Amino acid sequence: MIDPRILRDEPDRVRASQAKRGASPDVVDRALEADAARRTAIAAFEEKRAAQKSFGKQVAQAQGEEKQALLAQVKQLAAEVKDLEAAQTSADEAWTDALKAIPNVVADETPTGGEDDFVVLETVGTPETSRKRASSRATTSSSAASSAPSTWREAPRSAAAGSTSSPASAPSSSWRWSTSPWSRPATPASPR
């Protein structure tokens with residue numbers, strides 16, 4: 001997703017990036033329109049919300065028929081605020097979707113075209129050597145893991161499990177299987 005500040009401040013740079021990728025620059029215009037619609041929706045919502053709050057103070061001070069008239073206006077304002085809030089939420093979602101449709105701006109030295117038009121800048125080693133090293137590392141690590149001695153070790157027991165049970169009758173959760181040669185015997189938990 002692109003940084004909104006870059007989109008607002010440098011739309012031509014973003015359009016050029018889209019053209020370099022071989023993508024349509026129209027998404028930039030749609031995102032800018034969505035941003036303008038979002039900002040307008042936010043301003044309209046905030047303005048009505050402020051008016052609704054000021055009416056609340058007037059209603060508290062009014063009496064009689066004046067209070068009833070103000071309450072009717074407050075209800076109407078509340079409905080308008082609710083509609084404007086929904087419009088703002090919709091505009092926010094459209095703005096977010098428009099931003100997600102634009103990938104990050106490409107570097108200036110990036111060649112024009114898609115992934116099929118790449119240019120190799122540097123090659124280190126040969127592909128066969130790299131594959132052989134990777135496979136020998138995988139073989140070495142898997143054989144080291146399989147040659148590690150296996151040991152049983154008892155986990156700390158809770159008071160509910162009982163301390164007189166033998167390994168054969170112990171619940172499976174109180175015994176752990178360890179394949180690490182560096183495993184230490186478990187020590188009982190200290191009383192709290």
Side-chain angles (χ1 to χ4, degrees), residues 1-62 67-142 144-145:
M1 187 166 88
I2 191 166
D3 184 354
R5 288 177 295 178
I6 293 174
L7 181 65
R8 290 180 192 127
D9 298 341
E10 304 176 69
D12 291 333
R13 180 177 166 207
V14 179
R15 284 186 192 97
S17 172
Q18 286 293 101
K20 216 175 225 193
R21 287 181 185 271
S24 173
D26 294 340
V27 293
V28 177
D29 296 328
R30 285 194 296 268
L32 290 172
E33 289 169 7
D35 184 33
R38 179 182 146 272
R39 288 175 178 228
T40 302
I42 290 172
F45 169 71
E46 294 296 332
E47 184 180 330
K48 281 291 181 185
R49 184 77 176 117
Q52 183 185 27
K53 286 184 179 183
S54 70
F55 263 100
K57 293 175 186 175
Q58 291 176 6
V59 169
Q61 296 172 354
K67 187 170 190 170
Q68 295 302 321
L70 286 175
L71 284 174
Q73 289 178 342
V74 166
K75 281 186 177 183
Q76 182 182 357
L77 269 176
E80 291 174 11
V81 166
K82 189 174 182 179
D83 291 342
L84 288 172
E85 185 176 19
Q88 177 190 347
T89 302
S90 175
D92 279 338
E93 290 172 1
W95 164 242
T96 302
D97 292 342
L99 281 180
K100 288 180 180 178
I102 302 174
N104 285 331
V105 177
V106 297
D108 294 334
E109 63 272 5
T110 305
T112 302
E115 290 190 24
D116 296 333
D117 302 319
F118 70 90
V119 175
V120 177
L121 299 177
E122 180 181 3
T123 303
V124 178
T126 59
E128 294 89 32
T129 306
S130 299
R131 282 191 215 125
K132 286 179 185 176
R133 282 188 199 148
S135 66
S136 68
R137 272 190 238 127
T139 306
T140 304
S141 64
S142 65

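Since this is a predicted model, take the numbers as computed values, not measurements. Quick note: numbers below take in every heavy atom, side chains included, and nothing from hydrogens, waters or symmetry partners.
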Nearest heavy-atom pair of A91 and A41: which atoms, and what distance?
CB-CB, 4.1 Å

Taking atom NZ of K100 and atom OG1 of T96, what is their separation to the nearest 0.5 Å?
6.5 Å

Nearest 0.5 Å, please: how far is CG in D12 from CD in E10?
9.5 Å

Heavy-atom donor-acceptor pair, K20 side chain to V105 backbone, under 3.5 Å
no

Give me the atom names and distance for the closest heavy-atom approach of L7 to L32.
O-CD2, 3.7 Å

Hey, what do you get for CZ (R49) to CD (Q88), rounding to the nearest 0.5 Å?
11.5 Å

Note: P103 and A101 closest approach over all heavy atoms is CD-O, 3.6 Å

Decide whether Q18 and R15 meet the rule of one side-chain donor and one side-chain acceptor closer than 3.5 Å.
no

At what distance, to the nearest 0.5 angstrom, does CG of L84 lie from CD1 of I42?
12.0 Å

With no hydrogens and no angle check, is any side-chain donor or acceptor of S90 less than 3.5 Å from a backbone partner on A86?
no

Which residues satisfy the side-chain contact (heavy atoms from CB on, under 4.5 Å) test with E80, sequence neighbours excluded?
K48, Q76, L77

Shortest non-hydrogen separation from A34 to W95 and the atoms involved:
CB-CA, 4.0 Å

Polar side-chain atom of S17 near backbone of R13 as donor-acceptor pair, under 3.5 Å
no

Between G125 and T123, what is the shortest heavy-atom contact and its length?
O-CG2, 3.7 Å

To the nearest 0.5 Å, atom NZ of K75 lies from atom CD of Q52 at 13.0 Å

Does atom CD of Q73 have more than 12 heavy-atom neighbours, drawn from other residues, nucleotides or ligands, at distances under 6.0 Å?
yes

